[in-house]
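Here the structure is laid out as structure tokens; the discussion comes afterwards.
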Amino acid sequence: MSDVKEIRGAEALRATVVFNLGTLGALAADHFAERVEELGLKPKHAGVLASLDAGAAASQQELATRLGVAPSLIVALADQLEELGAVERVRDPEDRRRQVLTLTPEGRRLLDLCVNAAEAADADLTAALADPERATLTHALHTLARHRLPH
């Protein structure tokens, strides 16, 4: 009996969820980035805006932890968003070393435009799907995200 494994090729790779999600994810990320770039934003800016909208005001350190990125990146993103009038930094009265980020009305407006950009990218990406297929895909992705992504 031989110990030689069967060698599989491109067809086997294209049959995997991971390969397809990675390929389509990169395509989707590029499309979203193009759309938010028109707003003067990058996808990471949209992530900061969404994170601030989803919870209470957060310190830059808390936000970095929540998003799983380096605190220095949050500082740079917050600087840019502050220049756009989208976020405001306020010293925490209980801890003067801590700066709290809050979403401004302009930040909420930009977040709404990011949602529009994401929805347009979704429509492009899923144009070949019928409504029930799109709903099934959305449900499956939400299920995977709940089990695999930090909350």
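Excluded from the calculations below are hydrogen atoms, water molecules and symmetry mates; all remaining heavy atoms, backbone and side chain alike, are included.
- Under the 4.5 Å side-chain heavy-atom criterion for Ile, Leu, Val, Met, Phe, Trp and Tyr, Val69 and Leu63 are members of the same hydrophobic cluster.
- Annotation: salt bridge (Lys or Arg N to Asp or Glu O under 4.0 Å) contacts of Asp30 (sequence neighbours excluded): none.
- Residues in residues 38-55 take part in these salt bridge (charged side-chain N to carboxylate O under 4.0 Å, His left out) pairs, two or more places apart or across chains: Asp53-Arg108.
- Annotation: salt bridge (Lys or Arg N to Asp or Glu O under 4.0 Å) contacts of Asp122 (sequence neighbours excluded): none.
- In terms of heavy atoms, Ala12 sits closest to Arg8 at CB-CB, 3.7 Å.
- Side-chain atoms of Arg89 and Gln60 form a donor-acceptor pair, as typed in the model, at a separation below 3.5 Å.
- Between the Thr16 side chain and the Leu13 main chain, a donor and an acceptor come within less than 3.5 Å of each other.
- Both Leu137 and Val17 belong to a single network of hydrophobic side chains, linked directly or stepwise wherever heavy atoms of I, L, V, M, F, W or Y lie under 4.5 Å apart.
- Heavy atoms from other residues, nucleotides or ligands lying under 6.0 Å from CD of Glu106 number more than 12.
- The salt bridge (Lys or Arg N to Asp or Glu O under 4.0 Å) test applied to Glu133 returns no partner, not counting sequence neighbours.
- Counting all heavy atoms, side chain and backbone alike, Ala117 lies closest to Val36 at CB-CG1, 4.0 Å.
- Hydrophobic clustering (ILVMFWY, side-chain heavy atoms < 4.5 Å, transitive): Leu84 and Val75 are in distinct clusters.
- Shown here is Glu82, whose CD atom has more than 12 heavy atoms of other residues, nucleotides or ligands within 6.0 Å.
- A salt bridge does not link Glu11 to Arg14: none of the charged side-chain nitrogens sits closer than 4.0 Å to a carboxylate oxygen.
- Rounding to the nearest 0.5 angstrom, the gap separating the NE2 atom in His142 from the CZ atom in Arg146 is 8.5 Å.
- Under the side-chain contact (heavy atoms from CB on, under 4.5 Å) criterion, Gln61 pairs with Ser59, Thr65, Pro71, sequence neighbours left out.
- The shortest non-hydrogen separation linking Phe32 to Cys114 is CE1-O, 3.5 Å.
- Considering all non-hydrogen atoms of both residues, Ala86 and Leu110 come closest at CB-CD1, 3.8 Å.
- The CG atom of Asp92 sits 10.0 Å away from the CZ atom of Arg97 when rounded to the nearest 0.5 Å.
- Taken to the nearest 0.5 Å, the OG1 atom of Thr104 stands 7.5 Å off from the CD atom of Glu88.
- The cluster map of Ile, Leu, Val, Met, Phe, Trp and Tyr, joined by side-chain heavy atoms under 4.5 Å apart, puts Leu67 and Leu77 in the same cluster.
- Separating the CG atom in Leu49 from the CG atom in Asp112 is a distance of 11.5 Å, to the nearest 0.5 Å.
- A salt bridge links Arg134 to Asp131: one of the charged nitrogens lies within less than 4.0 Å of a carboxylate oxygen.
- The shortest heavy-atom contact between Leu125 and Ala28 is CD2-CB, 4.0 Å.
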Evaluate the side-chain contact (heavy atoms from CB on, under 4.5 Å) criterion for residues Leu129 and Thr136: first the C-alpha distance (whole Å), next the side-chain angles of each, then the deciding distance (0.1 Å), finally the verdict. CA-CA 10 Å; Leu129 300 176; Thr136 299; over 6 Å; no
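- Going from atom CG of Leu101 over to atom CD1 of Ile74 covers 8.0 Å, rounded to the nearest 0.5 Å.
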Decide yes or no on side-chain contact (heavy atoms from CB on, under 4.5 Å) for Leu81 and Val48, but give the supporting numbers first. CA-CA 9 Å; Leu81 288 169; Val48 169; 3.7 Å; yes
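- Applying the salt bridge (Lys or Arg N to Asp or Glu O under 4.0 Å) test to Glu119 and every residue at least two apart in sequence or in another chain returns nothing.
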Could you go through the side-chain contact (heavy atoms from CB on, under 4.5 Å) check for Arg91 and Arg98 one step at a time? CA-CA 6 Å; Arg91 290 268 177 219; Arg98 183 175 182 251; over 6 Å; no
Applying side-chain contact (heavy atoms from CB on, under 4.5 Å) to Arg35 and Asp124, what does each step give before you reach the verdict? CA-CA 12 Å; Arg35 283 181 162 78; Asp124 286 348; 2.6 Å; yes
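- Formation of a donor-acceptor pair under 3.5 Å by the Thr143 side chain with backbone atoms of His139 is found in this model.
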